[in-house]
Number of protein chains: 2
Amino acid sequence: MELRQLRSLIAVVEADFSVSRAAERLHLVQPAVSQHLKQLEEELGTLLFSRQGKRLAGLTEAGERVLVHARRVLSGTASILAVGQDHTGHDSGVLRIGATHTQARYVLPPVIRRFREEYPRVELQILQGTPQQLAVMTVRDQVDLAICTEALHDYPGLATLPSYRWNRCLIAPLGHPLLEVSPVTLGRLCEYPIITYVAGFTGRRQFSDTFARVGLRPRVVLSATDTDIIKTYVREGMGVGIIAAPAFEPVNDADLGRRDLSHLFPWETTRIAYLRERYLRRFQERFIEIFKEEADRMALGSRAPRVPPGPG
Amino acid sequence: MELRQLRSLIAVVEADFSVSRAAERLHLVQPAVSQHLKQLEEELGTLLFSRQGKRLAGLTEAGERVLVHARRVLSGTASILAVGQDHTGHDSGVLRIGATHTQARYVLPPVIRRFREEYPRVELQILQGTPQQLAVMTVRDQVDLAICTEALHDYPGLATLPSYRWNRCLIAPLGHPLLEVSPVTLGRLCEYPIITYVAGFTGRRQFSDTFARVGLRPRVVLSATDTDIIKTYVREGMGVGIIAAPAFEPVNDADLGRRDLSHLFPWETTRIAYLRERYLRRFQERFIEIFKEEADRMALGSRAPRVPPGPG
DNA sequence: CGTTCTTACGTGTGTCGTAACGATC
DNA sequence: GATCGTTACGACACACGTAAGAACG
């Protein structure tokens, strides 16, 4: 068995079972990749691909199983290379961060700024996606770190560190009655059209559950994945927004009124996730540190409780 | 990076940094192994070994880190080969079981007997060790499955399945006063010299803690790792034995009296451990099944509670 | 002086690329 | 007929083994 054979296996799977495209990606010619697959199947004594004629159609059961471990193997070699780069003293490399829009837009900027100062030679990549997608990207080693609030529990291969806790706030055009009335209750919220996140994003599940538990049905007239979109339509007067508190920017959002809602909803914990077994380079660990520091600083301004030391 | 380079790295470490002996084990000549190490160090740009002159003395920090992942990589390739063997239909191979003496002597025999009938072409190896050693052997992939009650919690890389619960019983020469008096209490036990397991074995910690918690100090006059040894000295009249109940054999031990002590001590859970990430071959999973079935059968004869479904 | 690792060199294996062939939509 | 995979073949690379040299106890 050779590493190149495993690389070809994975490349073919990720190229939707096109050997030619896999070969391109690997900077090889197509017969070479074909040979790798053949050699693997011969050594293992089993077909890894189901075929339709000559064309590859999918993985056999054996193929699925092999794939899992092939990924582990190559992840291991990547870790080994990373150790090397860490010890050559070059603080250079690539840091691939997976984040939702809310994280990338409102939470990450100060973190990124500090990180860039410390590691100017590290190329930063921010890849966006739904929490679900981020989790998958992380286990597939397409991002180094993922930052999100949801969907991480289902992947035992991921280690997750709690980074900060947050809750929601209400935003509305200045002068809106909900900004004046005291106190705000779940019932009051239901009297107005609401704009918030779509399901699967930024604590939407807990949001909905909170109302459901007391038998209320909020009138969500619009939901979006991005806080920006929510703000936009709040400004247009389509309804009141319920957003993650860290996403409110006092300066840019001075035209909007804001009220804290942490007495109404459960606190959410945003976590940093990465592949449990992989080697984290120095600057990757440092990024996590900076993130936590900035998160703590942010928490000082709010009433957020400390993150629990809980397990991943 | 090539797999052979990683193999050489590991072999050299496991040969106490002798390149020649590593080469022997790998069925290579010594310059070949030297070259592998050199290539690895060159590719990573770091020394992996600390040297005294030409001789290798130990691993550098980078070397230690690389070693961890190199093991993962080769464990992955082993899993891939195992998938292949599972799918070629040959139910042959090797099953390496790590067990303490108590397990190997009193619990495993019926399991092994059934397993051998089902898989006559699988070679069985029973490797003995302390629970601590067994855990290490498992993470190093020197055994496939380890069966023990202790020391597994400290290794996050291990998956553990609860298999059966057991408690202790008292053994003494027939006619011994402790066999007659009713009921047996911790206090009564302290009146007699006791023979039981050494620390780190077969629930010795819980044994000692139980007494300590009520301020009693049992007079342990002899401790051993093997139940056989304990029985021997009980027969010689050196004291009463406190052993794992499954280790009492009504037929062979007819010359000894026995009393259940499960009302005095906490129940222990024996677990089956294996490397979390590795692929378990069919017959390996089947062995676990058989083990659990036999454990259940054994539990029917005792008052043992069902194993909890708890996590690994 | 034996042991152990390094360096040097030749041979043979095997990997990849080119090219021609076959199948499938 | 264009696309995609397989087969055939040759050139180049390189991994291993042999053999000789250098450091260490």
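The analysis underlying the following values was restricted to heavy atoms, covering all of them including side chains, and did not include hydrogens, waters or symmetry mates. Each chain gets a letter, A, B and so on, in the order the sequences are listed, and its residues count up from 1.
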Main-chain N/O of Ser163(B) paired with Arg271(B) side-chain donor or acceptor, under 3.5 Å: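 No, because the side chain of Arg271(B) does not come within donor-acceptor range (under 3.5 Å) of the backbone of Ser163(B).
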
Audit row: Leu124(B), Arg116(B), side-chain contact (heavy atoms from CB on, under 4.5 Å) steps and yes/no: CA-CA 8 Å; Leu124(B) 278 160; Arg116(B) 276 216 63 76; 3.8 Å; yes

Is it the case that more than 12 heavy atoms not belonging to [X] sit under 6.0 Å from its [atom1] atom?
| X | atom1 | answer |
| --- | --- | --- |
| Arg205(A) | CZ | no |
| Arg114(A) | CZ | yes |
| Arg51(A) | CZ | yes |

Taking any heavy-atom pair under 4.0 Å as a contact, classify [X]: base, sugar-phosphate, or nothing.
| X | result |
| --- | --- |
| Phe17(A) | sugar-phosphate |
| Gln39(A) | sugar-phosphate |
| Gln5(B) | nothing |
| Leu28(B) | sugar-phosphate |
| Gln30(B) | base |
| Val29(A) | base |
| Gln52(B) | nothing |

End axis versus end axis in the helix from dC1(C)-dG25(D) to dC25(C)-dG1(D), the angle rounded to 10°, five pairs used at each terminus: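 What I find for the helix from dC1(C)-dG25(D) to dC25(C)-dG1(D) is an axis angle of 30°.
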
Verdict with supporting geometry, Leu3(A) and Leu3(B), side-chain contact (heavy atoms from CB on, under 4.5 Å): CA-CA 7 Å; Leu3(A) 289 174; Leu3(B) 288 174; 3.8 Å; yes

Comparing Arg4(A) and Lys54(B) on DNA chain C - which has the more 5′ nearest nucleotide: Lys54(B)

First-last contacting nucleotides on DNA chain D - partner chain A, under 4.0 angstrom, heavy atom: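 The contacted stretch runs from dC4(D) to dT7(D).
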
For Phe287(A), the option from Tyr119(A), Tyr274(A), Phe115(A) that meets ring-ring contact (aromatic ring centres under 6.0 Å, His included):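 Going through Tyr119(A), Tyr274(A), Phe115(A) one by one, the ring-ring contact (aromatic ring centres under 6.0 Å, His included) with Phe287(A) is satisfied by Phe115(A) alone.
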
Closest-nucleotide 5' rank along DNA chain D - winner of Pro31(A) and Gly53(B): Pro31(A)

Val19(B), nearest nucleotide to its side chain (from dC5(C), dA23(C), dC16(C)): dC5(C)

